[in-house]
Amino acid sequence: MAKYVYLFKEGNASMRELLGGKGANLAEMTNIGLPVPQGFTVSTEACTRYYEDNQKIGDDILEQINTALAETEKICGKKFGDLENPFLVSVRSGARASMPGMMDTILNLGLNDVAVQGLANQTGNVRFAYDSYRRFIQMFSDVVMEIKKSYFEGALDEVKKAKGAKFDTDLTADDLKEVVSKFKAIYLREKGEEFPQEPKVQLLEAIKAVFRSWDNPRAIYYRRMNDIPGNWGTAVNVQSMVFGNMGDDSGTGVAFTRNPSTGEKKLYGEFLMNAQGEDVVAGIRTPQPISALEATQPTVYNEFVKIAQTLENHYHDMQDMEFTIEHGKLFMLQTRNGKRTAGAALKIAVDLVDEGALTPEQAVLKVEPKQLDTLLHPNFDPSALKKASPIAKGLPASPGAATGKMYFTADDAANAGRAGIAVVLVREETTPEDIEGMDLSKGILTARGGMTSHAAVVARGMGRPAVVGCGELHINETTKTLTVGDKVFHEGDAISIDGATGNVYGEMLPTVEAAVSGDFARLMDWADKVRTLKVRTNADTPRDTKQAVAFGAEGIGLCRTEHMFFEADRIAAVREMILADTVEQREVALAKILPMQQGDFEEMYKALEGRPMTIRYLDPPLHEFLPQKNMTEEIAALATQLNTTSEKIIEKIDALHEFNPMMGHRGCRLAVTYPEIARMQTRAVIQAALKVKKECGYDIVPEIMIPLVCEIKELAFVKKLVVETAEKVFAEQGTKLEYHIGTMIEIPRAAVTADEIAKEAEFFSFGTNDLTQMTFGFSRDDAGKFLGSYYEAKIFESDPFAKLDQDGVGKLVKMAAKLGRETRPEIKLGICGEHGGDPSTIEFCHNVGLNYVSCSPFRVPIARLAAAHAAIKAKKN
Ligand code: PEP
Ligand code: MG
């Protein structure tokens, strides 16, 4: 028979998947002889069975629970519902990965009308017994039976008022008896039945409630944020109660072996005498620092310090512990690797290596890649953040804190930014033309768009905090107002956004600069030594390039050349090219663009100091470069400038209009219809490379990347243009250089025919933004609008545009990599979609054997660390 229930003495730390983190650690502490109140763990497999069996606990599991219960009663020498020595338990969740505060807990279970007297007899403290009983009734009713907490709080207040009691502690034993009968009456009124007196019934209901809490909305949300799969389930720990509220020689507290906020090596924590854990959390009484325990309970304190050290040595990591003192005796209720800030994580990891407790590789695994984000951007002052309440919540598209005055157009934002005002750009959604306004803003907030929307991608690239797709916002760009609920904000009003949480605040919040200490560099150095996957960056300006190189980028994996077309001083020439009627006219306009584009590439090659760069040819549909039809003034100005009429321009705008521009005339299709664009770009790349090579001596090997290819002949067509032009330049200059031509794999057909495509392509870069869009058939700019319902309905656990869908899109990537290598064994493979900066995707890329990932500059350190994690994990398996 399968085993679903384990006594603490039957488990150990390696059984985390089965017993959950808490259960495995309780077992481990039991094994190493620490004072742990005994009990048993109902496994995570029992939780998954519970869901498979239509939310029922199977008879076999029930039987095992009863056996374990009987065994635990024996170990503890107590009995459920006993008048002499009643057995009381706590029932707590405990998943494989820690999910603090997300699921349910029930304390004092086992109390009923008899056991409460037993507890009073045993302790000689009637008041304590009834206080515990009323707490249990309330907790059970709220957590297990979903009866409103406020009913109980109201009843308690009534009794307090009637008795003239200010605090709960002013109530006498008799008062509390009255509270208990009132609570039981509420239960009867709400449930139509008496409060359950049979402890086994209480226990079973409580276990089911903990299983159910695995699927409460906040747990689901937490899992999505932290990449925790929904099918893991939670274990349930049933543990004999010890009481911290038995008088002045009892107490309860929490402590960390090191400071979780700074990493300092010093016991850090707090405790409260004569209290239960919930009193510490409720914040009614102020706990004392752990060091104060030394004066009042020196023996307990010394024992605790010793245990804390034993646990840290045992786990080779900073521990977060819960303890209770019952009549001067110390009990350990929990230990786990403590959550910590990014700065503390780095310090602790590096210190543990210096102390000889960890090897550098083990230390690398102790720091979560995603956590580094907070070290790279300014953040809100945590105390100010605690006091503030958000007015709305959107998608956390680009981390960091931004605070300033709101502006509703990119031009207004740019003007204010130039005038030294801290600006938050608030837009319905951004367009490529907003780039300057975005750049001059401290942060970007949009009402529409998903994690790969223009605003999100560009903001991440710039390292600018951004919250996108915040549907609660009503933005009126004409009246320059932002409405949320019944609040209306105007241009210049204060606003703050938190790009790490998606929270939006209608006020200025103070920020603090993030400090990057020497520990950061040491840890990254260890990470670099072990990783095999290279890390490049997506950048198209020298400034972003320098930033990325400073963060350790080993080259550029994606230079999107269209961004270079939007600059104010060249958009005119680009528009002239688009509006041209003949090839000759177009070539005249392109000749104006050529020196600018060449200049850009020269700057980029210089910023890279010899590192490689993959230059992607023009990708977006041309209409993006023209004004919108309703921008009458701009159209008139353009007409004058180009010596034509507004009508002609509107005609062209109409002609370029597409119903599905994302699947329209873009990518290499532009080069097929306008070969002269590809020719101009080739000339710019080759001439820039030759020039910088000569001037600076860098060994430059241009990598030219043709986007959105779906058919080998398409690639061959564009490749021919590139080769012919390059040869022409070589002939003109009397010198040559090596260069490579490759393609993006971003259309399913390209992935499926990758063996064919590799005949022409010297490298592949997986454009997983488009590949995800086209594999799912979800518009990358609009999916955010309905993905929320997909999470709720449990169709999806995460955003496929942020975390690669390994089963579907990933299968295409794997297949294309394999097919590509069959044709061209030395083919270079990389990824440059937004997924390139996501740790779980990076692990996938490592395992598929890609050569590099490419991500926005501010994610480069994250990618380096994630690549190291992937390499270490792969070695272990
Ligand atoms: C992609 O599609 O993944 C990609 C990198 O290209 P873009 O985002 O520019 O379409
Ligand atoms: Mg693309």
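These numbers come from a predicted model, not from an experiment. One-based numbering, in listed order, for ligands and for the atoms of each.
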- Message: For a salt bridge (Lys or Arg N to Asp or Glu O under 4.0 Å) check, start with the C-alpha distance between Lys828 and Glu762, then their side-chain angles and the critical distance, and finish with the verdict.
- Response: CA-CA 7 Å; Lys828 191 165 344 148; Glu762 291 172 85; over 6 Å; no
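Looking at Tyr739 and Val685, their side chains never come closer than 4.5 Å, going by heavy atoms from C-beta outward.
A donor and an acceptor atom, one from each side chain of Ser798 and Tyr791, are nowhere located under 3.5 Å apart. Counted by atom type alone, Asp770 and Gln773 present one or more donor-acceptor pairs between their side chains at under 3.5 Å. For the residue pair Thr431 and Glu624, no side-chain donor N or O sits within less than 3.5 Å of a side-chain acceptor on the partner.
Test Phe796, Phe801, Phe786, Tyr790 against Phe776 for ring pair (Phe, Tyr, Trp, His ring centres under 6.0 Å) and you get one pass: Phe796. A salt bridge (charged side-chain N to carboxylate O under 4.0 Å, His left out) with Glu554 holds for exactly one of Arg531, Arg536, Arg864, Arg611; it is Arg531.
For ligand 1 and Gly767, the ligand atoms under 4.0 Å from any heavy atom of the residue are 1 (C), 2 (O), 3 (O). When each atom of ligand 1 is checked for a heavy atom of Met744 under 4.0 Å away, the hits are 4 (C), 5 (C), 6 (O). Taking every heavy atom of Cys832 and a limit of under 4.0 angstrom, the matching atoms of ligand 1 come to 5 (C). Applying the 4.0 Å criterion to heavy atoms of Leu558 picks out, from ligand 1, the atoms 5 (C). When each atom of ligand 1 is checked for a heavy atom of Arg666 under 4.0 Å away, the hits are 10 (O). Less than 4.0 angstrom separates some heavy atom of Thr768 from each of these atoms of ligand 1: 3 (O).
Residue Glu746 approaches the Mg ion (ligand 2) most closely through its N/O/S atom OE1. The Mg ion (ligand 2) sits nearest to atom OD2 when only the N, O or S atoms of Asp770 are considered.
Of the listed options Met774, Met705, Arg780, Arg780 places a heavy atom closest to atom 10 (O) of ligand 1. The option with the heavy atom closest to atom 6 (O) of ligand 1, from among Glu834, Glu562, Arg616, is Arg616.
Contacts between His563 and ligand 1, counted as non-hydrogen atom pairs separated by less than 4.0 Å, are absent for every part of the residue.
Summary of contacts: the protein heavy atom closest to atom 7 (P) of ligand 1 is Arg560 NH2, 3.5 Å.
Distance check: Arg560 CZ to Phe566 CZ gives 12.0 Å after rounding to the nearest 0.5 Å.
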